[in-house]
Trainee: 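I have a structure I would like to understand better, so I am pasting it below and will then ask my questions one at a time.
Convention: sequence-line order gives letters A, B, ...; per-chain numbering from 1. Values below: every heavy atom of this structure, side chains too, minus hydrogens, waters and symmetry copies.
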Protein chains: 2
Amino acid sequence: MAQKPATLKDVAAFANVSRATAARALNSYGYVGDETAQRVRDAAEKLGYRGNRLAQALRNGQLPIIGCILGDIQNPFFARIAHDIEVLARGNRYNLIIGSSEEQLEQEVSLLASLQSLSIRGFIVAPTSDENNFHLRRLIEENVPLVLIDRVVQGIECDSVLVDNEGGARKAIEYLISMGHRRIGLLQDDTRIFTSRERLSGYQHALVAGGITPDDRMISVSQSTVEHAIDATIRLFSQKVPPTALFTVDSLMTQGALLAFRAMGISIPHDVSLVGFDDFNLATFTDPQITVVAQPVSEIGLAAARLLFEKLSGQSRPSEQIRFETRLLVRGSVSRRPEG
Amino acid sequence: MAQKPATLKDVAAFANVSRATAARALNSYGYVGDETAQRVRDAAEKLGYRGNRLAQALRNGQLPIIGCILGDIQNPFFARIAHDIEVLARGNRYNLIIGSSEEQLEQEVSLLASLQSLSIRGFIVAPTSDENNFHLRRLIEENVPLVLIDRVVQGIECDSVLVDNEGGARKAIEYLISMGHRRIGLLQDDTRIFTSRERLSGYQHALVAGGITPDDRMISVSQSTVEHAIDATIRLFSQKVPPTALFTVDSLMTQGALLAFRAMGISIPHDVSLVGFDDFNLATFTDPQITVVAQPVSEIGLAAARLLFEKLSGQSRPSEQIRFETRLLVRGSVSRRPEG
DNA sequence: AATATATGTGAGATCGATCTCACACGGTTT
DNA sequence: AAACCGTGTGAGATCGATCTCACATATATT
């Protein structure tokens with residue numbers, strides 16, 4: 001059967017009025033006679049008229065859709081944020097398009113271009129790189145509302161929602177130092193990623209402040225997947241003089257480290273202490289439970305969506321940077337190291 | 001500055017040709033002089049012409065976007081599926097709109113309507129209810145390509161991708177019976193959800209086949225969240241004669257059960273045995289590791305996307321039902337129960 | 001009575017890309 | 001010379017909703 005959906009023209013014809021009048025009746029603007037309006041509404045009802053958002057969007061230049069480009073929806077951190085944004089968007093009668101950049105700049109650029117040509121005006125992006133940013137810069141020049149989350153980009157004036165990565169990392173390292181550790185390992189992902197760099201910086205500053213000289217042999221880099229993190233952990237702990245404690249920069253890497261330790265027969269917290277950045281559901285199910293630096297995940301998506309909708313509703317104000325504090329959740333994965 | 005993006009008209013003017021010719025040159029159809037075509041391409045390049053997908057979509061009646069309505073992206077099961085679909089969609093130059101029904105029929109219906117009015121032709125849906133299905137039925141009547149995943153809907157002829165829920169549940173229960181358990185609890189979510197019903201049915205059949213009379217006191221129902229599952233588990237195990245083993249119908253409920261057991265001081269597998277439906281990353285991090293019925297998650301999204309793109313490319317064929325087998329992954333959460 | 005004001009309505013333009021049609025030109029065929 | 005073809009191009013219609021403008025009426029004001 002496949003009958004086409006009813007158009008405004010159909011409704012107008014059915015109600016014996018012009019398209020203009022039908023539009024007025026349905027969108028209640030301008031003058032329409034009461035009786036006419038009712039007739040139009042009845043016709044719309046009868047024909048199941050729903051309007052074509054595409055045509056509306058073409059007319060007024062924008063589509064009520066928010067583009068959301070994240071690293072990967074499978075990361076629970078991003079999944080939570082995406083979910084929160086979607087709920088808020090739904091409340092504003094927007095839909096949400098999700099794209100994964102998979103941490104590749106090229107993909108981020110092409111996704112953005114493809115969404116822009118859809119007349120989407122409103123993006124929430126977790127940018128892959130903070131150097132190569134011509135595409136974001138162009139968005140801003142074109143006045144497209146944009147909110148960056150989790151990461152910022154050098155030289156770009158733009159709303160953003162971040163957490164205090166450096167401070168969080170510092171807290172973790174200070175805590176480890178206070179527990180007597182001096183050879184503290186770092187498991188991090190690509191240094192082109194903003195969060196990773198900030199966390200590295202917190203790690204280094206805390207060490208120096210604690211009178212410890214940073215040592216490159218204590219740092220292992222890998223992609224942010226459980227599998228890569230396992231290898232990187234094994235490399236780190238196969239050294240002659242391995243770390244006595246490990247700090248991991250995100251939850252996937254924390255999981256990798258846990259698996260690596262199990263494979264190597266290294267026990268937590270007896271043989272090695274562990275602190276991870278980003279709390280995750282698994283952290284309280286292990287024995288011992290894992291001490292982590294927690295981010296206020298539930299607030300990030302909300303804040304980002306709020307900023308975006310402010311921009312979208314036409315408010316122009318100086319761009320706002322929100323930075324959330326982190327909290328160190330002490331659980332059982334760190335032990336005091338006897339001096340010496 | 002905010003200059004509008006270049007339109008075809010701009011390109012045509014710049015190249016000193018009509019819009020029709022410009023279109024022909026850029027989309028390579030019809031006759032265009034070589035030199036003219038080059039001039040148009042140069043103009044497009046110079047002006048950064050990218051085309052307006054909205055206008056294109058309005059013209060040809062469909063938008064290259066796939067609508068994906070799932071229970072909740074935060075469930076790793078759905079997150080994985082969504083991710084896989086997005087990757088395939090990207091390969092076909094489609095984007096992905098994600099909506100969460102949050103297991104509410106009303107939300108599912110309104111999301112679907114809103115996406116349909118966007119001229120989106122192509123949906124992947126995990127339907128909330130299998131009774132109330134007028135909206136899905138309408139889609140099919142209108143010949144909109146639709147693939148159901150994870151759940152089917154009564155009386156609807158439609159491509160679908162499922163797993164063998166009943167068989168999976170039966171395997172779990174048979175295994176528990178073979179380990180000597182006779183009071184086997186079931187922790188399930190809303191029976192309006194298809195998967196839940198099928199798993200319940202597998203549970204019941206396996207019991208009967210094992211010579212055990214199903215007993216309602218062994219069944220506890222709650223929403224599928226960790227928090228609700230905790231309460232439901234506590235209710236179940238506060239009875240005078242509690243189960244000796246528990247089967248949980250999804251990973252969130254498995255997590256809830258684990259937390260409840262910990263809170264109640266019940267140890268696995270000493271005091272109670274546990275088998276969960278759906279493998280999840282946490283299952284191998286606990287001590288003991290959790291025995292689960294695993295679904296081939298990585299294949300579901302792929303299969304669904306493949307079916308959808310077949311339909312989208314105009315192939316008409318009888319609708320296909322794909323049902324994947326499950327596997328029982330025996331780990332350490334079940335102990336043999338001494339007879340008696 | 002003449003003008004102003006409020007109320008309703010329709011014709012037509014617009015958004016941007018695409019497609020059909022008509023028309024041009026040079027060359028070939030009858 | 002007439003009819004025909006292959007090639008190249010532009011004018012205008014189309015998709016569906018909305019908005020501006022012009023034009024009706026009817027009522028109120030001078």
Trainee: Quick test of your reading of the model: are A:Asp159 and A:Arg317 salt-bridged, counting only N-O distances below 4.0 Å?
Mentor: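 Yes.
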Trainee: The helix from C:dA1-D:dT30 to C:dT30-D:dA1: angle between its terminal axes, five pairs each, to 10°?
Mentor: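 Rounded value for the end-axis angle: 70°.
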Trainee: Could you list, one pair per line, each protein nitrogen or oxygen that sits under 3.5 Å from a nitrogen or oxygen of nucleotides 9-16 of chain C, together with the distance?
Mentor:
from   : atom 1 : to      : atom 2 : distance (Å)
C:dT9  : OP1    : A:Thr36 : OG1    : 2.7
C:dT9  : OP2    : A:Gly33 : N      : 2.7
C:dT9  : OP2    : A:Thr36 : OG1    : 3.2
C:dG10 : OP2    : A:Ser18 : N      : 2.8
C:dG10 : OP2    : A:Ser18 : OG     : 3.1
C:dG10 : OP2    : A:Thr21 : OG1    : 2.7
C:dG10 : N7     : A:Arg24 : NH2    : 2.9
C:dG10 : O6     : A:Arg24 : NH1    : 3.3
C:dA13 : N6     : A:Arg19 : NH2    : 2.9
C:dT14 : O2     : A:Arg59 : NE     : 2.6
C:dT14 : O2     : A:Arg59 : NH2    : 3.3
C:dG16 : N2     : B:Ala55 : O      : 3.4

Trainee: Can you measure B:Leu26 atom CG to C:dC19 atom P for me and round it to whole angstrom units?
Mentor: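 Atom CG in B:Leu26 sits about 13 Å away from atom P in C:dC19.
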Trainee: Any carboxylate oxygen within less than 4.0 angstrom of a Lys/Arg side-chain nitrogen, looking at A:Glu86 and A:Arg80?
Mentor: no
Trainee: Just how far is it from atom CD1 of B:Ile65 to atom OH of B:Tyr94, taken to the nearest 0.5 Å?
Mentor: 10.0 Å
Trainee: A:Gln321 and A:Ser160: side-chain donor and acceptor closer than 3.5 Å?
Mentor: yes
Trainee: State whether A:Arg41 and A:Glu35 are salt-bridged, where the test is any N-O pair (Lys NZ or Arg NE/NH1/NH2 against Asp/Glu carboxylate O) under 4.0 Å.
Mentor: no
Trainee: Do you see a donor-acceptor pair shorter than 3.5 Å between the side chains of B:Ser101 and B:Gln107?
Mentor: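 Per modelled atom types, B:Ser101 and B:Gln107 side chains form no pair under 3.5 Å.
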Trainee: Flag the pair B:Lys46 and B:Asp42 as a salt bridge only when some basic side-chain nitrogen lies within less than 4.0 angstrom of an acidic carboxylate oxygen.
Mentor: no
Trainee: Taking OH from B:Tyr29 and C1' from D:dT7, how many angstroms apart are they, rounded to a whole number?
Mentor: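 About 16 Å, once rounded to whole Å.
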Trainee: So, the side chain of A:Arg90 versus the backbone of A:Asn95: is there a donor-acceptor pair under 3.5 Å, distance only?
Mentor: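 Looks like no, no N/O pair under 3.5 Å.
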Trainee: How many Å lie between CG on A:Asn27 and P on C:dG8, as a whole number?
Mentor: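 The distance from CG of A:Asn27 to P of C:dG8 comes to 17 Å, rounded to the nearest Å.
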